[in-house]
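One structure is given below, encoded as structure tokens.
Chain naming here is simple, since letters A, B, ... match the order of the sequence lines and numbering starts at 1 in each.
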2 protein chains.
Amino acid sequence: MTIAEVARKYDLTADTLRYYERIGLIPKVNRTNGGIRDYSDEDCRWIEFIKCMRGAGLPIEALIEYVNLFQMGNATLEDRKALLIEQRDILENRIREMQKTLKRLNEKIKRYEELIVPIEDELR
Amino acid sequence: MTIAEVARKYDLTADTLRYYERIGLIPKVNRTNGGIRDYSDEDCRWIEFIKCMRGAGLPIEALIEYVNLFQMGNATLEDRKALLIEQRDILENRIREMQKTLKRLNEKIKRYEELIVPIEDELR
DNA sequence: ATATATATTGGAGTTAGCTCTAAGTCAAGA
DNA sequence: TCTTGACTTAGAGCTAACTCCAATATATAT
């Protein structure tokens, strides 16, 4: 697959894909004779994974580290697991915080509803 | 309260508090004769609210708009409610996405556990 | 063979959200 | 009064994460 096809498929720009590769957020992609990137299925799976993790706010730093460990082979299984657990815990906390804020927002909205209806009644 | 006290109280820097005020993310704070900020209880409530909303990722832009509408009085009640609902919906979606990613991370961690244990068994 | 579209690189530019600096002002204790 | 430390401003600087640009090379369609 060409970079344009992959960009379309995952709704990322070609620039972002090249950037991700440059900083090591995805492994190096194979090239054609002419030097043009030819994305494999595995490349695509990496991209999809990284996009998902980034979408949840995992820092690029941690993901680069994960890719690095992955490329070092089986000796890094424990480290990779530890990294994922650490990020999982952070994510869990962030979700909890956000749920509290969501609740607060909902209460605030309800107060606006209770406040606005009487004002509208008055205008009749 | 002085800026240092408020900063300590909400775990923000004095710089951040001045920045928030400068860009209109919190209403203007009253000053002493000497020109030094003297935060009221209402100022503190704004700060706490803004900090909470920022923590959940609501964009500064939207929060500035909310503060602006608030300062325009009761004519903007509907607009403020609409703004909060819009941000609430965005937040809800983000939480859902993050929960999906959390689930995926947990599954990945489980696979690492299943993978690592047999390898350790082999080493005995 | 040629025009058009797409790809390449290195490096500069952008945006959000702070964070720091310099040069000065204000306030509280000895 | 003097000193020390906290406060003020305008504006520069910083970091993360892209995003764009220019100059050039490759691929595709006619």
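- Separating the CG atom of L58(B) from the P atom of dA16(C) is a distance of 15 Å, rounded to the nearest angstrom.
- Straight-line distance from the CD atom of E61(A) to the C1' atom of dA16(D): 10 Å, rounded to whole Å.
- Computed from coordinates, the D11(B) CG to dT19(C) P distance equals 11 Å when rounded to whole Å.
- Between K100(A) and E97(A) there is a salt bridge, since at least one side-chain N of the basic residue sits less than 4.0 Å from a carboxylate O of the acidic one.
- Regarding contacts with the backbone of dG17(C), every side-chain N or O of T16(B) stays at 4.0 angstrom or more from both OP1 and OP2.
- The stretch residues 17-28 of chain A comes close to DNA chain D through Y19(A), Y20(A), R22(A), each having a heavy atom under 4.0 Å from the strand.
- Applying the 4.0 Å criterion to OP1 and OP2 of dC18(C), one finds that T13(B) has every side-chain N and O outside that range.
- Distance CD1 (I36(B)) to C1' (dT9(D)): 13 Å, rounded to an integer number of Å.
- One can place CD1 of I64(B) at 11 Å from C1' of dA16(C), the figure rounded to the nearest angstrom.
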- Report the C-alpha separation of R37(A) and Y39(A) in whole Å, then their side-chain angles, then the decisive distance to 0.1 Å, and conclude whether the side-chain contact (heavy atoms from CB on, under 4.5 Å) test is met. CA-CA 6 Å; R37(A) 287 176 181 79; Y39(A) 290 81; 3.3 Å; yes
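- The distance between atom CG of L63(A) and atom C1' of dA16(D), rounded to the nearest whole Å, is 13 Å.
- Considering only side-chain N and O atoms, R31(B) lies under 4.0 angstrom from the phosphate OP1 or OP2 of dT9(D).
- The aromatic rings of F49(B) and Y66(B) lie tilted to each other, with the angle between the two planes from 30° to 60°.
- Proximity of T32(A) to the phosphate of dA27(D): a side-chain N or O atom is located under 4.0 Å from OP1 or OP2.
- For I60(B), the side-chain atoms get nearest to dG17(C) when compared with the rest of dA27(D), dG17(C), dC7(D).
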- Message: Applying side-chain contact (heavy atoms from CB on, under 4.5 Å) to I26(B) and D43(B), what does each step give before you reach the verdict?
- Response: CA-CA 8 Å; I26(B) 53 170; D43(B) 292 330; over 6 Å; no
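- With DNA chain C read from its 5' end, the first of the two nearest nucleotides for N33(B) and T2(A) is the one closest to T2(A).
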- Message: Would T16(A) and T13(A) count as a side-chain contact (heavy atoms from CB on, under 4.5 Å) here? Give the steps.
- Response: CA-CA 5 Å; T16(A) 298; T13(A) 68; 2.9 Å; yes
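- Counting atom types as modelled, D15(B) pairs no side-chain N or O with a base atom of dC18(C) as donor and acceptor under 3.5 Å.
- Per the geometry, CD1 belonging to I50(B) stands 16 Å off C1' belonging to dA16(C), to the nearest Å.
- Note on L69(B) and Y112(A): same hydrophobic cluster, where clusters join Ile, Leu, Val, Met, Phe, Trp and Tyr whose side-chain heavy atoms are under 4.5 Å apart, directly or indirectly.
- Side-chain atoms of E21(A) come within 3.5 Å of backbone atoms of V29(A) as a donor-acceptor pair (strictly under, hydrogens ignored).
- We find that R104(B) and E48(A) are joined by a salt bridge, their nearest charged nitrogen and carboxylate oxygen being less than 4.0 Å apart.
- Atom P of nucleotide dC20(D) and atom CG of L12(A) are separated by 14 Å, given to the nearest angstrom.
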- Task: Could you go through the side-chain hydrogen bond (donor to acceptor under 3.5 Å, both in side chains) check for T76(B) and D79(B) one step at a time?
- Result: CA-CA 5 Å; T76(B) 66; D79(B) 287 349; over 6 Å; no
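- For I3(A), whose side chain is taken as the heavy atoms from C-beta onward, the closest listed nucleotide among dC18(C), dT8(D), dA7(C) is dA7(C).
- Scanning all heavy atoms of the two residues, the minimum distance from P27(B) to Q71(B) falls at CB-NE2, 3.1 Å.
- Distances shown here put a side-chain N or O of R37(B) below 4.0 Å from the OP1 or OP2 atom of dT9(D).
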- Nucleotide pairing, DNA chain D (Watson-Crick or G-U, distances under 3.5 Å), in dot-bracket with [ ] and |: ||||||||||||||||||||||||||||||
